[in-house]
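Data block below; observations after.
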2 protein chains.
Amino acid sequence: MAKLVLVVFALALVCAPVSADCTPPSLKQPGLNLMPWPAHVRLHDGRLALTEQFDIAVVTGHPGQRVYDAATRLLQHLQRRSGIAFDQHAVTTDSDGKQAQLVIKVRRPGVLKLGEDESYSLRIDSRHAVLTAEGGLGALHGLQTFQQLLQSDPSGYWFPDVVIRDKPRFKWRGLMIDVARHFEPVDVIERNLRGMAAVKLNVLHLHLSDNQGFRIQSKVFPELTELGSNGQYYTQAQMKQIIQYADDRGIIVVPEFDLPAHAVSWFVSHPELASAPGPYHLYTKFGGKNPAFDPSNPETYRFLDRFFKEMAGFFPAPYVHIGGDENSGTQWDNNPVIQACMQPAITSDTALQAHFIQKLAAMINADGKQIIGWDEILQPGLDKGAIIQVWRGKDSLYEAARKGHRAILSNGYYLDLLYPTSDNYLNDPIPPGTHLERSARRNILGGEAEMWGELVRPATVDSRIWPTAAAIAERLWSPQNVRDVAWMYKRLYVVNLELEDLGLMQIRNQGVLLRRLAGQHEIEPLQVLVDVISPVRGYQRMASGNYTTHSPLTSITDAATANPWAAIRFDEWVDRFMKHPNPDTEQKIRLQLEGWVANDQALEALIDHSPALHSVKPLAQSLVTLSKIGLQALDYIDQERAAPQAWARQTTTDFLQAREPVAATKLRMVDAVERLVVMALKTSQPEHRESR
Amino acid sequence: MAKLVLVVFALALVCAPVSADCTPPSLKQPGLNLMPWPAHVRLHDGRLALTEQFDIAVVTGHPGQRVYDAATRLLQHLQRRSGIAFDQHAVTTDSDGKQAQLVIKVRRPGVLKLGEDESYSLRIDSRHAVLTAEGGLGALHGLQTFQQLLQSDPSGYWFPDVVIRDKPRFKWRGLMIDVARHFEPVDVIERNLRGMAAVKLNVLHLHLSDNQGFRIQSKVFPELTELGSNGQYYTQAQMKQIIQYADDRGIIVVPEFDLPAHAVSWFVSHPELASAPGPYHLYTKFGGKNPAFDPSNPETYRFLDRFFKEMAGFFPAPYVHIGGDENSGTQWDNNPVIQACMQPAITSDTALQAHFIQKLAAMINADGKQIIGWDEILQPGLDKGAIIQVWRGKDSLYEAARKGHRAILSNGYYLDLLYPTSDNYLNDPIPPGTHLERSARRNILGGEAEMWGELVRPATVDSRIWPTAAAIAERLWSPQNVRDVAWMYKRLYVVNLELEDLGLMQIRNQGVLLRRLAGQHEIEPLQVLVDVISPVRGYQRMASGNYTTHSPLTSITDAATANPWAAIRFDEWVDRFMKHPNPDTEQKIRLQLEGWVANDQALEALIDHSPALHSVKPLAQSLVTLSKIGLQALDYIDQERAAPQAWARQTTTDFLQAREPVAATKLRMVDAVERLVVMALKTSQPEHRESR
């Protein structure tokens with residue numbers, strides 16, 4: 001195995017993990033690891049070397065403080081990555097522009113609003129780089145692109161000679177974090193804001209209230225968090241800090257207060273506003289009954305008016321998200337007072353909800369803000385300024401847009417469902433061939449990745465958001481035709497490392513989870529397993545476990561991610577081998593299969609020793625069994641004769657077994673091995689031999 | 001190497017990393033990984049199994065909120081470690097005591113003061129556990145011990161049947177973090193407080209001002225941070241949060257404002273208080289001139305009186321640390337006004353400093369607090385209530401104690417100097433045989449680990465503090481005769497993993513640094529290297545580099561630690577082999593040496609490819625060269641004849657080379673290999689053969 005390790009490693013150097021030459025030859029893109037990919041890129045020979053003399057200056061215009069701060073952060077980042085200590089420590093209005101290696105030209109400060117000019121251009125030659133933007137936000141994006149352009153090879157660190165012109169495809173490129181079901185402290189939010197800025201996401205949507213908790217201090221109604229948060233909430237001082245942190249990075253913070261249902265946390269302190277008598281206690285479970293505000297009670301509106309007035313004054317964004325989803329209406333149906341009030345004008349729960357939302361919208365409009373709500377709020381009579389956030393499907397998106405509402409796509413971007421990043425990546429708000437009128441098309445603002453919080457804690461939340469959100473960011477920023485999956489994964493692997501460098505925890509915290517599971521033993525054999533499994537998808541885990549807000553969330557499926565790199569790479573090698581069988585690709589596949597076989601003894605010993613890992617054993621067994629089948633298939637292929645059908649039939653049980661979910665995870669190299677078996681069955685002597 | 005990996009791993013399972021059977025047989029201690037080791041431990045057969053029904057109740061007395069909160073945290077921790085979801089989610093006054101598996105009996109709430117009763121006893125049998133303490137602080141310590149007692153084996157998770165009676169040897173068990181030279185955000189401080197509580201440290205000393213920055217908001221003099229912090233400081237709201245977080249864990253926060261020198265950050269906003277005219281700018285370098293307050297200026301005392309009044313009201317601790325160290329007196333000598341004022345009573349800078357400190361002490365005493373200062377403040381006329389913190393050596397410690405001052409040892413506990421943990425561990429404030437009168441002995445409060453901040457940032461500071469501070473904690477808590485180094489390292493390895501579980505970053509952040517250095521390549525070969533090197537010790541790195549507050553601190557020496565586990569383990573195997581040569585131990589040594597040889601090709605390829613690693617190459621070369629020499633030595637030993645002197649002479653250059661510092665690190669397996677060479681030279685045929 002010494003040899004094996006070395007060969008794999010040597011290959012990695014040439015073709016590091018998801019390799020450069022994995023890019024389909026049809027896609028003649030330069031080998032840069034930019035994400036989102038810019039609108040226009042022209043790569044030339046030549047390079048700008050990074051040295052101690054590297055410096056930055058803003059030479060024209062009034063760029064605003066954001067650009068200076070971002071440029072200073074760029075200096076720090078480049079120092080960290082290269083280990084080179086620059087002479088320049090900060091970029092200020094005093095920084096001398098004439099000799100600067102990166103010159104920034106910005107006409108005016110950015111304005112933090114939707115539809116702001118976010119374009120920029122960047123030219124790098126062997127002497128210096130020039131970043132040009134109309135507004136400060138474009139300059140921020142350009143600085144991020146510049147940062148991603150840093151290259152290294154044995155000769156040192158450098159930037160390529162390149163010309164980039166760039167602007168976003170969509171205005172709204174969001175990330176929602178549900179801090180209600182599990183609270184996420186300020187530092188978690190801040191590091192995610194750094195990640196968002198790195199991939200040009202521009203809206204942070206915080207789901208601040210739900211049945212499990214109320215997470216923002218109200219000074220008008222302090223009881224909301226005093227009684228409804230278990231002590232886990234943002235003070236207004238902390239939220240101010242988050243808003244400023246986001247603003248510094250060109251990101252708008254949109255607060256969501258989910259109404260009329262998903263509202264238990266309000267009713268803990270204000271049971272009189274609910275549609276059924278209290279007392280109410282915070283839910284520790286998920287799902288279940290969904291109590292709703294009493295729309296027949298004038299006090300409901302007086303209370304909400306005062307509350308939203310406070311929040312409208314506190315959050316600078318011009319939008320307030322009022323939720324509006326999943327109101328079952330059961331409480332309304334069972335309350336005779338509500339039923340009586342509905343007569344005769346309001347004939348259904350749907351109509352009553354519409355009525356409630358209209359009153360809410362009027363209230364919030366009066367505070368100078370527009371409402372955002374989930375699909376369900378799209379009912380007759382809704383204020384035209386209301387933005388519809390679509391979780392149920394693209395039909396709703398186009399319907400809203402046609403009805404004159406601005407709309408955001410979230411369906412297909414649910415990070416908690418742990419679909420492969422490629423699925424999220426290929427989910428286009430307006431795919432080619434969509435029949436949608438120009439006026440409606442204009443109403444589609446963009447999309448938003450959703451991190452629902454039932455099964456994440458601070459230790460794991462980064463690994464659900466990243467790096468998938470970077471691929472979604474590309475979908476929302478880059479031209480529609482940038483959609484090659486293999487090439488995306490190649491860049492994503494590198495972007496993932498860069499995100500870690502910005503303080504995100506998705507890689508390092510996996511090690512923590514594995515070390516915990518392994519007790520005091522070395523985790524290497526377990527790391528090999530976790531690189532080839534991923535959590536079950538969709539709502540399978542929620543359905544199979546009795547989860548609460550107190551569940552530990554420290555099992556193998558919490559350590560696993562939607563991006564099992566070894567499986568992704570293996571899959572691609574097999575694809576390539578099937579299209580163009582050649583010894584190099586075959587050798588990579590063989591080494592990987594042999595590596596999985598070689599790992600098995602240590603892995604099974606570790607599993608046997610660690611009680612928290614016992615349930616994982618079938619995964620290890622399937623991995624070694626399927627690896628051996630894959631090697632047999634390659635042997636048949638090498639012998640240039642079709643594999644016996646009987647052999648293939650014998651493998652059926654093994655494949656069935658390997659496809660079973662185990663400990664809420666699944667092995668992700670199964671399909672690729674099956675393709676090898678199919679290939680082996682079809683193998684025949686090459687024609688030139690037969691002709692002999 | 002497949003075989004090799006598996007054998008090493010199999011060994012690890014039996015004898016996980018620094019192995020259980022590494023404990024010298026003379027030390028008949030039970031195999032528990034407790035740290036600090038309790039005063040009395042009796043281990044029996046039998047175990048209390050951890051199941052979903054595990055629950056905790058406080059059954060008698062008035063324990064105070066701290067104990068309930070700590071018990072709830074214990075529940076969460078045990079859930080995380082075991083993955084078992086308990087029925088009980090929180091420990092409150094409602095928790096039913098009769099059926100509880102862990103019963104807590106506390107007579108009264110803890111009082112957060114030095115000398116408080118911190119004792120506790122813990123009895124666990126197969127049915128339940130009983131924790132008894134006089135005060136709440138003792139109960140907190142007992143809960144930490146209980147947490148460390150969690151065991152696992154293939155059958156599950158359990159606690160051993162044990163009787164523990166415990167109390168600390170010293171009252172003051174501190175950790176100082178210098179947040180002035182590099183700022184450390186609130187979350188860094190909070191996670192370190194969690195680590196401190198885990199190992200029963202009870203004083204957090206924050207070095208809040210120095211030439212590089214002023215780090216706490218003053219509402220009386222807001223300009224101190226507005227002009228003197230580069231925006232990096234704790235608001236009073238944040239510091240309140242830190243103090244509360246510490247208080248919850250039984251930890252006192254002691255603020256230090258370093259005076260009269262180390263004072264540039266005060267003078268940025270108040271140059272009129274300095275002994276030489278301004279303007280002053282924050283230092284970005286370390287060392288250099290050390291401006292001091294003007295002791296002849298009445299305004300100095302008016303200003304400081306107002307400032308300390310504010311801080312005395314803000315910080316609840318009964319102590320204010322006023323520094324007092326390293327005043328060169330140069331500014332005083334050069335200021336004729338100061339010289340004139342000294343006449344005729346004050347005849348030297350030392351006397352002037354004493355005069356200044358006396359005035360400061362009187363001022364702070366009037367606010368109801370006592371002062372703490374470094375050695376230098378021990379001068380005639382010093383207030384007897386002043387506590388002396390000793391950085392220069394134990395003579396100062398005993399001198400202070402004899403003169404009637406309470407005193408704390410810091411000399412020998414400087415974490416920034418990166419001496420091996422064993423050195424810190426064996427540094428006893430009052431070693432056996434110390435001639436010190438009983439009255440003086442009583443004045444020695446304990447000791448404090450010091451994390452000076454010149455060469456650490458948030459990403460690396462944990463790896464300098466931990467796990468070494470855990471060994472220092474044991475020195476200050478446990479009986480004097482607990483001082484077996486191999487046994488300490490065995491437990492420290494496990495405690496290090498537990499500290500990570502509490503959110504400390506020392507293990508996971510090493511991965512981040514290595515991934516950055518390795519570019520996009522796999523880090524395994526580099527991890528092998530970093531496990532066998534450690535940073536140069538003492539002030540060598542500072543002396544050799546032109547470091548500033550802006551230096552990136554991302555090189556291999558920042559990734560390396562004072563505890564290179566592979567080298568520590570190898571060293572111990574060689575020791576054991578020399579005392580009792582046997583095939584098992586030899587096999588371990590051989591496998592490790594062969595592993596280092598096998599790693600070399602991949603390591604050197606990685607180094608060649610990564611510009612930030614080029615300087616590391618000689619380390620890799622020495623590692624493989626010395627590994628081969630070690631294997632040759634074992635061959636000679638196996639052949640049972642003395643190695644040729646000529647062979648040994650040829651290795652001299654290699655050893656010289658391997659001992660050179662490289663990239664501010666040193667290879668730490670050199671001495672052990674040299675011992676093998678010496679052993680090989682001395683090897684002769686065994687007696688029984690000669691007698692044949």
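Just so it is clear: chains get the letters A, B, ... in the order the sequence lines come, proteins before strands, and each one is counted from 1.
When each of M505(A), E524(A), R508(A) is checked for heavy-atom pairs under 4.5 Å with chain B, R508(A) comes out on top. With chain B as partner, the option from P185(A), P458(A), P552(A), G519(A) having the largest number of non-hydrogen pairs under 4.5 angstrom is P552(A). Each of P154(B), S152(B), S610(B) has some count of heavy-atom pairs under 4.5 Å with chain A, and the biggest count is that of P154(B). Among D501(A), L613(A), V494(A), the residue making the largest number of heavy-atom pairs under 4.5 Å with chain B is D501(A).
For R80(B), the parts lying near chain A are the backbone and the side chain together; criterion is any non-hydrogen pair under 4.5 Å. Only the backbone of D153(A) comes within less than 4.5 Å of a heavy atom in chain B; its side chain stays farther off. Neither the backbone nor the side chain of A237(B) has a heavy atom closer than 4.5 Å to any heavy atom of chain A. Residue L513(B) does not touch chain A at all, counting heavy-atom pairs closer than 4.5 Å. Of the atoms belonging to T235(A), not a single heavy atom falls under 4.5 Å from chain B. Residue L75(A): no heavy atom, backbone or side chain, is found under 4.5 Å from chain B. S82(B) touches chain A through its backbone: at least one of N, CA, C or O sits under 4.5 Å from a heavy atom, while the side chain does not.
Formation of a donor-acceptor pair under 3.5 Å by the Q79(A) side chain with backbone atoms of H550(B) is found in this model. Although no hydrogens or angles enter the test, the distance criterion places no donor-acceptor pair under 3.5 Å between the side chain of H614(A) and the main chain of G156(B).
Note that the NZ atom of K490(A) and the CD atom of Q520(B) stand 7.5 Å from one another [nearest 0.5 Å]. Taking OG1 of T284(A) as the reference point, atom NE2 of H89(B) lies at 6.0 Å (rounded to 0.5 Å). Atoms CG and CZ, on L497(A) and R516(B) in that order, are 11.0 Å from each other to the nearest 0.5 Å.
The number of heavy-atom neighbours closer than 6.0 Å to CG of N230(A), taken from other residues, nucleotides and ligands shown, is 12 or below.
Two residues are said to be in side-chain contact when any heavy atoms from C-beta on lie closer than 4.5 Å; Q241(A) and Q238(B) meet this criterion.
For G83(A) against T554(B), the heavy-atom pair with the smallest separation is CA-OG1, 3.7 Å.
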